[in-house]
Amino acid sequence: MKWKIACIQMDIKYGNPDKNYAEARKWIQKAAKANCDIAILPELWTTGYDLTRLFEIGDENAKESVRFLQNAAKEFQIHLVGGSVAKKTADGIFNTMLIVDREGQLVKEYDKLHLFKLMDEHLYLQGGKRDGLFQLENETFGTVICYDIRFPEWIRKLALNGAKAIFVSAEWPNPRLHHWKTLLTARAIENQCYVIACNRVGRDPNNHFFGHSLIIDPWGGATRS
């Protein structure tokens, strides 16, 4: 089966979930109008890296984000690799990827395993334990979040368990553009699978994000946004 995929490399409004839901809905609708089968959102797209306020602005058990994605997926008849959100739980806050199919079913939650200390994730977030394997229309895919791509054995596990493509949501900042392209290309080539990587654009108070979302084939050829 051939899939048409949109990478929504939106400019995330720092610490403002309401504006980010509205912005995401606009881009999801555009992806659907372009007859895309899947749209992928970036990392922490509801809040950005407003880590110090996550207990205030994070999403309790990701309920609001799941509801938003389910409604959008059903309305626009599109599968959503729903980026990641700050999911508040009794065990702490997790950086959680949400996958929703076009019927509005939540098919996967993946908590970011590898926390990026240079952006203080370890101070505010809990690391996950589950793998990122999921299925859409009987096809097996995998997903990881941002810093996870620096750990090839974690992505190799997804490929060995049948993932034909790996989805990556990220807030990957300057000045690491060369690392971004090189690591994603390596993951595609070494696993002989597609890599679909969505990185945000814009700025927050501490970082500049460069976009450069990529869809890379198993030979390392890339289409860039």
Side-chain angles (χ1 to χ4, degrees), residues 8-21 23-24 40-69 80-100 106 108-134 142-155 157-158 166-174 176 179-180 183-184 187 197-210:
I8 300 176
Q9 57 174 37
M10 57 188 275
D11 184 357
I12 298 166
K13 307 305 178 186
Y14 189 71
N16 196 324
D18 288 342
K19 286 188 177 180
N20 290 320
Y21 285 128
E23 185 73 5
I40 174 173
L41 289 158
E43 180 183 18
L44 292 177
W45 62 272
T46 60
T47 61
Y49 265 86
D50 194 355
L51 299 182
T52 63
R53 295 201 304 135
L54 289 185
F55 276 103
E56 174 188 346
I57 62 175
D59 191 356
E60 194 76 36
N61 292 313
K63 288 182 180 178
E64 186 173 358
S65 300
V66 169
R67 184 167 55 250
F68 168 84
L69 294 169
L80 296 175
V81 178
S84 72
V85 302
K87 178 183 176 182
K88 293 194 297 184
T89 76
D91 297 319
I93 300 176
F94 292 84
N95 186 343
T96 302
M97 172 80 76
L98 304 167
I99 313 293
V100 175
L106 178 64
K108 184 70 180 184
E109 294 187 43
Y110 166 71
D111 303 320
K112 187 176 184 178
L113 178 69
H114 303 95
L115 301 180
F116 188 45
K117 291 184 178 181
L118 290 180
M119 292 178 75
D120 292 335
E121 288 184 351
H122 64 298
L123 300 179
Y124 302 97
L125 299 169
Q126 303 297 314
K129 297 179 181 178
R130 298 171 288 186
D131 67 38
L133 284 170
F134 67 96
T143 190
V144 295
I145 300 171
C146 203
Y147 188 50
D148 284 333
I149 68 171
R150 289 190 181 272
F151 298 85
E153 68 282 358
W154 188 235
I155 294 176
K157 181 180 177 181
L158 298 174
I166 309 295
F167 289 86
V168 182
S169 287
E171 288 201 47
W172 196 280
N174 270 334
R176 302 178 185 87
H179 290 193
W180 169 251
L183 291 167
L184 292 169
R187 300 297 84 88
C198 180
N199 188 39
R200 68 161 291 186
V201 293
R203 296 179 180 271
D204 68 18
N206 302 304
N207 303 283
H208 174 214
F209 302 94
F210 49 69

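The structure presented is a predicted model; accordingly, all values stated were derived computationally and were not measured.
- The backbone N or O of Phe55 lies less than 3.5 Å from a partner atom in the side chain of Lys88, making a donor-acceptor pair.
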Chi angles and distances behind the salt bridge (Lys or Arg N to Asp or Glu O under 4.0 Å) call for Asp111, Lys129 = CA-CA 7 Å; Asp111 303 320; Lys129 297 179 181 178; over 6 Å; no
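- Between Met119 and Glu171, the closest side-chain pair of non-hydrogen atoms is not below 4.5 Å.
- Atom NZ of Lys13 sits about 14.0 Å away from atom CG of Asp18, to the nearest 0.5 Å.
- Under a 3.5 Å cut-off, the side chain of Thr143 and the backbone N or O of Phe167 do form a donor-acceptor pair.
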Output, in order, the C-alpha distance, side-chain angles, deciding distance and verdict of salt bridge (Lys or Arg N to Asp or Glu O under 4.0 Å) for Glu56 and Arg53.
-> CA-CA 5 Å; Glu56 174 188 346; Arg53 295 201 304 135; 3.3 Å; yes
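- A side chain to side chain donor-acceptor pair (under 3.5 Å) with Ser65 holds for exactly one of Thr96, Asn20, Asp59; it is Asp59.
- For the atom pair CZ of Arg150 and CZ of Phe116, the computed distance is 6.5 Å after rounding to the nearest 0.5 Å.
- Interatomic distance, Glu64 CD to Leu69 CG, rounded to the nearest 0.5 Å: 10.5 Å.
- Just one residue in the list Ile12, Asn174, Asp204 forms a side chain to side chain contact (heavy atoms under 4.5 Å, CB included) with Phe209, and that residue is Asp204.
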Worked verdict on Asp131 versus Tyr110 for side-chain contact (heavy atoms from CB on, under 4.5 Å) | CA-CA 7 Å; Asp131 67 38; Tyr110 166 71; 5.9 Å; no
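- Nearest heavy atom pair, residue Leu184 against residue Ala197, reads CD1-CB, 3.5 Å.
- Taking 4.5 Å as the limit, some side-chain heavy atom of Met97 sits within range of a side-chain heavy atom of Ser169.
- Annotation: side chain of Leu113 is in contact with side chain of Asp148 (closest heavy-atom distance under 4.5 Å).
- Remark: the Asn95 side chain and the Tyr147 side chain contain no N/O donor-acceptor pair separated by less than 3.5 Å.
- The backbone N or O of Gly82 sits less than 3.5 Å from a side-chain atom of Trp45, completing a donor-acceptor pair.
- Summarising the geometry, atom OH belonging to Tyr14 is positioned 11.0 Å from atom CG belonging to Leu44; distances are rounded to the nearest 0.5 Å.
- Proximity of Leu123 to Leu51: side-chain heavy atoms (C-beta onward) are nowhere separated by under 4.5 Å.
- Between Ser84 and Ile145, the closest heavy-atom pair is CB-CD1, 3.8 Å.
- Between Leu115 and Gly127, the shortest heavy-atom distance links the atoms CD1-N, 3.7 Å.
- Taking 4.5 Å as the limit, every side-chain heavy atom of Ile93 sits out of range of all side-chain heavy atoms of Lys87.
- Heavy atoms only, all atoms of each residue included: Ala24 and Phe68 are closest at CB-CZ, 4.0 Å.
- The two atoms that bring Ala62 and Val85 nearest to each other are CB-CG2, 4.2 Å, heavy atoms only.
- Within the 4.5 Å cutoff, side-chain heavy atoms of Leu54 are placed close to those of Leu125.
- The shortest distance between side-chain heavy atoms of Tyr49 and Glu43 falls below 4.5 Å.
- With sequence neighbours excluded, the residues satisfying side chain to side chain contact (heavy atoms under 4.5 Å, CB included) with Asp91 are Thr89, Phe94.
- For the atom pair Glu109 CD and Ile99 CD1, the distance stands at 10.0 Å (nearest 0.5 Å).
- For the pair Gln9 and Pro42, the minimum side-chain heavy-atom distance is 4.5 Å or more.
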Given side-chain contact (heavy atoms from CB on, under 4.5 Å), test Met10 with Leu41 step by step and report yes or no.
-> CA-CA 8 Å; Met10 57 188 275; Leu41 289 158; 4.0 Å; yes
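- For the residue pair Ile149 and Ile155, the shortest heavy atom distance occurs at CA-CD1, 3.8 Å.
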